[in-house]
Amino acid sequence: MPEAHSSEQENADLIRRLSRVLLCRKGSEWVPIPPWARSFMIIGGGTASIYQAPGRSVVAFILPTRAYATPLLAAGIVVERARMLAQRVRSQKRFDGLWSLPDGNGVYIFQGSLRFKGIIKSHETDGCRRLRIQIDRNRNGGGTEYIIKPDQAHHLQPADRNFNLPRCQKGDKIDPPELLGAVLEHANLVPGQWYSSLECLIVGKAGLIEEEAKLPIALGSLTGRQLEGRLSDLVLPRRVEGEKAIYRSDILPMSIDEEELPLLTHDTLVVMNGAAAFIEKAHHWPDHDLIILLSPQDPSFTDAVEKLNGWYRRSEGSFELPQLSALPERIEAMTFLERRSDD
Amino acid sequence: MTELQEIQLVYDIHAACQVKAHNVGEPLVADFSLRLRKVLSSLNRDEAFTFLKPLRYYRYLLTASVLPVNHPQLYPTDTLKQLERQRKQVAASYPRMVADFDALIESLALLELHEQAPLLSHMNEIAGEASALSRAILIREAPHLPLVQETLKQYWRGLLPPEVVTLQRPKELRCFDHLFVAGPISDYPAHVLQAPRARHLDIVRYTWTQDEVRTGSLFVKPVLLPMEREVISIRSTGTELHELTFDLEELRPVVDVGSLAQQYGTHNHKEIVEARLVVLEGGSGVFLELGDTVFTANPALAEHDRIERVALASLAEGDYLILRTEGGGDLVAKVADGIMGKHAPILRQRQEEWKGRLREQVGRQGTGAVAHQLTSLGARYADATNIRHWMARRSLGPGTDGDFRTVLMFVGLGDSIDDYRQALQNLRKAHSKAGHEIRRRLIKQLGRSDMEPLEREGFMEVTLPEEHGGSLSIYRIASLPRQTARVSYKNIGRIIAIGG
């Protein structure tokens, strides 16, 4: 039986506890993930809420190797964001994002384990803000409609593209991500609806990152039974899980054209895996919080450090990220806040 | 698949690595270096004495070589004979130099008889003190790897000789107890020191090639301090010439990008492109156009990840660059032309038309002024770097439709926007397809090949059997001078000799 943990403090430490019970392979055995790997999950968890900062936050690291650091960091972000969603910590902000979409915008609406296509029919402000969502269309123009209030924001997901509504929908069956679900359940949190969102966008050599994300892991005593899977079961990248499954992050290749860039919400964290990714692609997201992982072995490493130092000099200065105390010894990190261009 | 536990070792070593700089005194080598400096300072500009060039290169090789100083691979035997033959001319043209010239001949002759390998002997002494489980010597000249391995069998006293590794090796996750670095640390990529792969990093260099070993923080304001790693400097017991120190720039082989650019340039402005010289292992080089992308091979990765297409700006020393063996030029464009078939000439002509007009404007007004005008017309990414990239013959054009429209209007092609957009779209499709196709063929071909020779010698040839394939050469990049040059487009991608 899972242990009961209910206090908010304990929930906030979910990543720390998860990192202690996460197992990886050593030969044919399952062993606890090593301290450096724990560090990156914890730091990922810490960066999950940097969007709260008044400006655009930048966190950069110089690592002796970038191997596996990015997917571990992303796992920390995705799990922590899932915890925050399950605790409704981000419902209001999420609703603000949905509210900014125009009438007619495509959305997905989640009911239990089913996902329906919908469009925003109207924005209503009768006492409180509500979104009216239409999910099918009958012959006389009417159809089934849902009213979504701010505290129900987790039932909705903006669609990447618009679509025509069918006359009748049975809904697509959604398989909830088992590993992430088990982590939240252990914290006595109800995940709510398993919609897809981009909590974190990873930019870099996609094939390599994808390969790293497929690292076999297992959850040890956290759930009372050993649950085996892959790191991607926590990171949930769209590139690995597929368009139709639940995803919470994505991996973007270096070769992607501007026209193909995904639409991000304001609070999506952008993780730059390597100096080349940072130098060549960071300009696409001038207002998003950035996490940059560099290694002295990266081509253009010196240029990337120079660029970051230049950014720092023009910034509003450092900010505190308590989780950085978990960094392995001698790892360099730098944080700073920049004015967002929309401030 | 690498295990997370293995990576823990990399972090542990990063935290605990001890750096020692051993300064080796060796009077014969130092004396030769000093004599050469004196002679070069007077005769270097005289073209009649270009035969001194191999001596410069020999001195450079000596700074980091663990081979015996008279090893045939290093020692310039012919040059000594030539020096003796030229003595008369020196006496006639530079009578005050004769004494220095004779001293140089004498010091070189002494080195010919000197069978010692000073840096290697010192490493041997240090290793004798340490009870290391795993040891390696990092050498700068990758092609010398088999020779060094052979030398170790003969010269290494005591326990098993250490492994010999080249620049490519420290990139991997493999770690050592002791890593001996041969020569000045600044001749190696920064990661050797900044991301060490050994608990003990011993830099073994001559006293006269001492360079600063920088281990401080790289970020201007790191979160956690202090970052500095202590470096212990150890002076060897050998004799030293205290007054002798060299700025390493003086020792390194000179690659004169400017004169090479003159040699490979043209007076026809339409044919001139901005390029960067890539110096390849073995004394050759290649000019690549700024903003270009190239194919690279990484023998350390699994078959399907081995081939990458990367931006020229992302290349680094030690990377393996794939080039066409014959005729230079752009492999992707060649394959793309095959894909486009009979439509290729007209699409290329359209491409050249707007680029030519843009180049003309830049030539007339300067990049800054053109960037300003394009921005005020609504272009989002029209800075100097991007405009240079758009003009480049081997780039396709602006990444956004909006910027491309703005450029077309700016160069007076606003009436035919749709034709040019369609052409760009077709070219993009063909180039993308060609890029994937070449990568697929290379993976197929290199997957079957033994890549050991590439790592060992820094060079190998591959033949792509299918149509538009041909012979390709893979070279390890020796250095990337920062200076850019204006060269003729027909010389882009062509392998050239650049000398020592």
Side-chain angles (χ1 to χ4, degrees), chain A residues 24-27 31 33-37 39 60 62-65 67-69 72 205 207-208 211-212 214-216 254-255 257-259 275-276 279-280 283 294-303 305 308-310 312-313 317-318 320-321 324-325 327-336, chain B residues 1-17 170-173 189-197 217-227 229 293 296 301-302 304-305 308-311 313-319 380-381 398-401 403 428 432 435 480:
Chain A
C24 64
R25 284 269 177 205
K26 186 181 181 185
V31 296
I33 60 167
W36 78 269
S39 305
I62 299 176
L63 311 176
T65 171
Y68 294 98
L72 285 160
K205 286 183 182 170
L208 200 63
E211 201 59 36
E212 289 180 355
K214 288 178 184 165
L215 179 84
M254 293 289 289
S255 55
D257 288 330
E258 177 151 348
E259 295 80 24
I279 288 176
E280 291 171 32
H283 68 274
L294 305 174
S295 162
Q297 294 153 346
D298 293 343
S300 314
F301 169 71
T302 313
D303 293 342
V305 171
L308 269 168
N309 284 339
Y312 177 84
R313 289 190 189 100
S318 309
E320 265 194 50
L321 189 62
L324 287 183
S325 61
L327 268 179
E329 213 180 323
R330 277 192 195 281
I331 299 301
E332 266 196 76
M334 184 159 75
T335 66
F336 56 89
Chain B
M1 185 177 265
T2 313
E3 290 179 347
L4 295 188
Q5 308 292 335
E6 287 175 52
I7 300 169
Q8 182 64 46
L9 181 63
V10 175
Y11 281 89
D12 290 346
I13 281 177
H14 184 75
C17 173
K171 280 196 173 185
E172 297 167 12
L173 292 171
H191 64 78
V192 174
L193 194 60
Q194 289 164 354
R197 291 288 187 267
S217 58
L218 300 162
F219 281 146
V220 68
K221 182 87 173 161
V223 173
L224 304 166
L225 289 166
M227 296 302 304
R229 199 188 293 280
T293 54
T296 58
L301 294 181
H304 60 283
D305 291 322
E308 277 187 300
R309 197 169 169 196
V310 299
S314 303
L315 286 181
E317 279 180 28
D319 284 352
R380 284 183 71 190
Y381 300 108
T400 66
D401 189 45
D403 281 4
R428 268 198 212 292
S432 169
L480 288 149

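To find a chain, count down the sequence lines: A is the first, B the second, and so on, and within it residues start at 1.
Across A:G27, A:P64, A:P328, the residue that shares the most heavy-atom pairs under 4.5 angstrom with chain B is A:P64. Note: A:P35 leads A:C24, A:P35, A:A69 in heavy-atom pairs under 4.5 Å with chain B. When the candidates A:A37, A:S318, A:A60 are compared by the number of heavy-atom contacts under 4.5 Å with chain B, A:A60 comes out ahead.
Heavy atoms of A:E280 lying under 4.5 Å from chain B belong exclusively to its side chain. With a threshold of 4.5 angstrom between heavy atoms, A:D303 approaches chain B through side-chain atoms but not through N, CA, C or O. For A:T65, the parts lying near chain B are the backbone and the side chain together; criterion is any non-hydrogen pair under 4.5 Å. In this structure, the portion of A:L308 lying under 4.5 Å from any heavy atom of chain B is its side chain and not its backbone. Neither the backbone nor the side chain of A:I279 comes within contact range of chain B, judged by heavy atoms closer than 4.5 Å. With a threshold of 4.5 angstrom between heavy atoms, B:D401 approaches chain A through N, CA, C or O but not through any side-chain atom. A:A275 does not touch chain B: none of its heavy atoms, backbone or side chain, sits under 4.5 Å away.
A:E212 places a side-chain N or O within 3.5 Å of a backbone atom of A:Y68 that can act as its donor or acceptor partner. For A:W36 (side chain) and B:Q5 (main-chain N/O), no donor-acceptor pair under 3.5 Å exists by modelled atom type.
Using the six-membered ring where Trp is involved, A:Y312 and A:F336 have ring planes that are perpendicular, over 60° apart on the 30 and 60° scheme.
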Carefully, step by step, assess B:Q194 and B:L218 under the rule side chain to side chain contact (heavy atoms under 4.5 Å, CB included).
CA-CA 9 Å; B:Q194 289 164 354; B:L218 300 162; 3.4 Å; yes
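When all heavy atoms are compared, the tightest approach of B:H14 to B:A195 is ND1-CA, 4.2 Å.
For the atom pair CG of B:L173 and CD1 of B:I13, the computed distance is 11.0 Å after rounding to the nearest 0.5 Å.
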